Amino acid sequence: MESEARATLQRVFGFEAFRGEQEAVIEHVIAGGDAVVLMPTGGGKSLCYQIPALVRPGTGVVVSPLIALMQDQVDALRALGVRAGFMNSTQDFDERRVVEAEFLAGELDLLYLAPERLRLDSSLELLSRGKISVFAIDEAHCVSQWGHDFRPDYLTLSLLGERWPDVPRIALTATATHATHREITERLAMPDARHFVASFDRPNIQYRIVPKADPKKQLLGFLREEHAGDAGIVYCLSRNSVEKTAEFLSRNGIEAVPYHAGLDAGTRAAHQARFLREDGLVVVATIAFGMGIDKPDVRFVAHLDLPKSVEGYYQETGRAGRDGLPSTAWMAYGLGDVVQQRKLIQSGEGDEAFRRRAAQHLDAMLALCETAGCRRARLLAYFGQDDAAPAGCGNCDTCLTPPETWDGTVAAQKVLSTVVRLQRERGQKFGTVQIVDILLGKRTAKVIQFDHDQLSVFGIGEDLSEGEWRGVVRQLLAQGLLAVEGEYGTLVLTEASGAVLRREREVPLRKEPKKPVTSRSEASGTSGSGRGKAKAAAAELPEELVPAFEALRAWRAEQAREQGVPAYVIFHDATLREIATVWPGSVAELGGISGVGEKKLATYGEGVLKVLGELGGRPGTEARAGSQDVAADATGSASDDWPEMDAEPEPDDWM
């Protein structure tokens with residue numbers, strides 16, 4: 001006999017089967033049990049609380065920090081026939097009163113709240129007057145000081161279990177190390193919760209890190225060669241860099257807009273809305289953008305600056321390829337990134353424990369950048385999944401073009417000796433540029449000014465180029481054999497430096513690549529990169545079916561414009577691809593397509609069939625394409641990933 005959860009999955013969301021541990025999580029929560037769920041971005045976490053909320057009596061209360069995106073979350077659910085609402089500081093008094101009345105009347109299946117709202121007695125009193133089916137705590141890593149984005153307001157959420165002991169709670173996150181996972185359980189007071197940990201692997205994402213030379217030009221080449229016409233996100237560390245990069249791309253024919261906390265709220269909202277509703281737009285942003293946006297066809301995420309942690313990197317890159325189609329996580333990384341991040345940690349706010357945690361996060365990120373092995377294996381090992389990826393995944397730069405390594409012990413000794421000579425003989429500290437100039441024997445104005453051409457180490461490094469020496473310094477910083485100090489980023493020795501100088505420790509280094517992998521199609525042996533909008537989705541189809549797919553996309557775009565919602569709220573590309581492949585001839589046949597639930601079938605069924613009818617008969621006799629795995633998160637809520645969080649009542653005051 002079909003379970004109520006499975007029946008709801010098919011009736012509401014249009015899917016025939018669950019993926020991975022989704023069903024086990026859902027049945028456990030429906031039965032009244034607490035759960036802590038770790039699933040990757042795009043893994044379908046939202047279904048784990050949406051279906052229990054629909055099956056159990058009452059309203060599911062979702063605690064989410066994504067204030068700016070709650071409207072989109074609710075719109076997507078309402079398009080499925082789910083009675084959803086939200087309450088946050090963006091609403092006026094009358095709007096909140098309507099939602100409160102719907103909740104008390106039992107007319108809501110799901111209610112979204114920000115964690116800050118649960119500090120208000122009025123909110124707690126409201127919840128106590130209604131019937132609650134389940135509490136879902138999304139982005140649960142915010143409760144952990146070991147997490148990459150600690151939110152103090154999450155610390156109060158343990159009161160949910162105290163005030164409503166009979167209501168099951170489910171805490172969900174896409175990124176958690178063992179330490180974060182443990183702290184989530186402790187701080188939310190969920191000692192009896194059952195734990196579900198899925199694989200963090202996203203095999204459709206190709207991870208690539210290239211040496212930083214001229215990053216904006218490198219980015220432009222990457223976009224033109226591989227992602228012409230594709231939607232994507234470019235992350236920069238500073239607002240100034242965001243503005244300049246967006247302007248540079250626009251000037252060179254790439255449609256791009258900036259997004260950062262320094263822009264007024266109206267501009268940010270407009271740029272976010274364009275990204276959701278338009279095809280092929282590039283958003284250049286600080287980390288205040290992208291998290292929580294359930295846009296399935298983001299084909300790339302690029303970083304022009306080093307992320308602060310592996311968790312942040314995983315969250316940000318996970319915004320690409322949520323539809324399961326091939327996507328790229330590309331980063332330009334250089335010595336300046338290492339120096340800058342070290343300086344930020346030293347000069348940042350927080351106590352010594354906070355700085356120590358930040359340094360540990362950075363060390364792990366540097367290890368990922370500098371590894372000579374498989375990046376995917378390193379990434380998964382960070383999350384405790386050492387056996388989740390083979391020695392070589394075949395879809396990252398270090399697997400596609402394995403880097404050479406060399407014994408850099410002597411080179412390391414030369415750098416460290418130069419630092420020692422300056423400090424001990426002259427009482428001076430300098431940054432990388434001066435160190436490298438001394439090693440290369442360059443008589444620059446600064447070298448002559450300080451008589452550094454008289455040092456015994458002057459000119460001892462002519463065997464390597466300037467770029468190679470910068471690579472040596474970068475890797476020594478990454479390995480903790482050098483440290484950055486002070487406002488000007490001067491180099492100093494560490495406790496580990498002595499072992500290298502005493503020849504007690506060898507220093508293996510990566511050779512600086514002369515020509516990094518520049519194209520996914522180049523790497524995989526395929527052709528046709530840069531074919532324009534929706535090429536990844538269309539590439540999955542026989543050529544004769546592409547016109548049908550494009551016609552369906554055009555129809556979907558018209559529907560989205562009329563309703564003022566993102567196109568993916570109507571149907572995901574994965575669903576349109578399956579429709580084009582199956583070419584259903586009736587409403588009943590269309591109802592068998594993954595992602596077409598009862599509500600969408602009733603709303604859009606005749607329109608879809610009309611589009612196909614106008615194209616004439618179905619060309620070819622290709623069998624039905626199985627798109628369940630790429631569409632299984634088609635209804636995942638926008639809360640599966642997240643940005644610098646908006647806070648109530650002043651969303652941007654902390655950014």
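What you see is a predicted model; the values in this text were computed from it and never measured.
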Say you draw a straight line from [atom1] of [X] to [atom2] of [Y]; how long is it, rounded to the nearest 0.5 Å?
X	Y	atom1	atom2	value
L113	N88	CG	CG	9.0 Å
L110	L77	CG	CG	6.0 Å
H195	R182	NE2	CZ	11.5 Å
R577	I593	CZ	CD1	11.5 Å
D72	M70	CG	CE	12.0 Å
K131	L104	NZ	CG	14.0 Å

Show your working on salt bridge (charged side-chain N to carboxylate O under 4.0 Å, His left out) between R299 and D323 and close with a plain yes or no.
CA-CA 9 Å; R299 294 271 68 88; D323 54 9; 2.8 Å; yes

Before giving the answer on side-chain hydrogen bond (donor to acceptor under 3.5 Å, both in side chains), spell out for Y382 and E311 the whole-Å C-alpha distance, their side-chain angles and the decisive distance to 0.1 Å.
CA-CA 9 Å; Y382 180 81; E311 291 98 326; 3.0 Å; yes

If you compare all heavy atoms of [X] against all heavy atoms of [Y], which two are closest, and at what distance to 0.1 Å?
X	Y	answer
L615	A551	CD1-CB, 4.1 Å
S64	P115	O-CD, 3.5 Å
E95	T90	OE1-O, 4.4 Å
Y49	V134	O-CG1, 4.3 Å
V63	L157	CG1-CD1, 3.9 Å
T328	I205	C-CG2, 4.5 Å

Any donor-acceptor pair under 3.5 Å from [X] side chain to [Y] backbone:
X	Y	answer
E139	A174	no
T59	D109	no
S327	G321	yes
T575	S594	yes
Q385	F200	yes
T185	H181	yes
T603	K600	no
S133	R56	no

Parallel, tilted or perpendicular: ring planes of F571 versus Y604, cut at 30 and 60 degrees
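Judged by the thresholds at 30° and 60°, the geometry between F571 and Y604 is perpendicular.
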
Parallel, tilted or perpendicular, judged at 30° and 60°: which one describes the rings of H227 and F300?
tilted

Before you tell me yes or no, could you show the steps for Q91 and F86 under side-chain contact (heavy atoms from CB on, under 4.5 Å), namely the whole-Å CA-CA distance, both residues' side-chain angles and the distance that decides it to 0.1 Å?
CA-CA 9 Å; Q91 298 166 304; F86 67 90; 3.6 Å; yes

For D92, look at atom CG and say whether over 12 heavy atoms of other residues, nucleotides or ligands are found less than 6.0 Å away.
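Atom CG in D92 is crowded, with more than 12 foreign heavy atoms closer than 6.0 Å.
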
Hey, is CZ on R11 packed in by over 12 heavy atoms from elsewhere, all under 6.0 Å?
yes

Are any of the side-chain heavy atoms of [X] and [Y] separated by less than 4.5 Å?
X	Y	answer
L276	Y568	yes
L612	I579	yes
R376	N395	yes
F103	I132	yes
L379	Y314	yes
Q22	C48	yes
V99	Y112	no
L118	L127	yes

Going by salt bridge (Lys or Arg N to Asp or Glu O under 4.0 Å), name the residues that satisfy it together with [X], two or more places apart in sequence or in a different chain.
X	value
E107	none
R163	none
R169	D34
K599	none

Using the side-chain hydrogen bond (donor to acceptor under 3.5 Å, both in side chains) rule, pick out the option among H271, Q272, E278 that qualifies with R274.
E278

Looking only at side chains, do Y207 and R202 share a donor and an acceptor under 3.5 Å apart?
no

Checking S3 against E27: is there a side-chain donor and acceptor pair closer than 3.5 Å?
yes

Residues [X] and [Y] bridged, charged N to O under 4.0 Å:
X	Y	answer
K295	D297	yes
E606	K610	no
D138	K45	no

Partners of R556 by side chain to side chain donor-acceptor pair (under 3.5 Å), sequence neighbours excluded?
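Side chain to side chain donor-acceptor pair (under 3.5 Å) list for R556, sorted by chain: D573.
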
Got a sec, which residues hit side chain to side chain donor-acceptor pair (under 3.5 Å) with R561, two or more places apart in sequence or on another chain?
none

Run the side-chain contact (heavy atoms from CB on, under 4.5 Å) check on R194 and F196 step by step: do they pass?
CA-CA 7 Å; R194 184 174 168 187; F196 299 86; 3.3 Å; yes

Given the rule in the salt bridge (charged side-chain N to carboxylate O under 4.0 Å, His left out) test, do E550 and R553 qualify, once you have shown the distances and angles that lead to the verdict?
CA-CA 5 Å; E550 295 296 351; R553 278 172 53 86; 3.7 Å; yes

Under 6.0 Å between the ring centres of Y259 and F275?
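Centroid separation for Y259 and F275: 6.0 Å or greater.
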
Between L325 and N204, does a side-chain contact (heavy atoms from CB on, under 4.5 Å) hold up when you go through it step by step?
CA-CA 6 Å; L325 295 175; N204 62 308; 5.7 Å; no

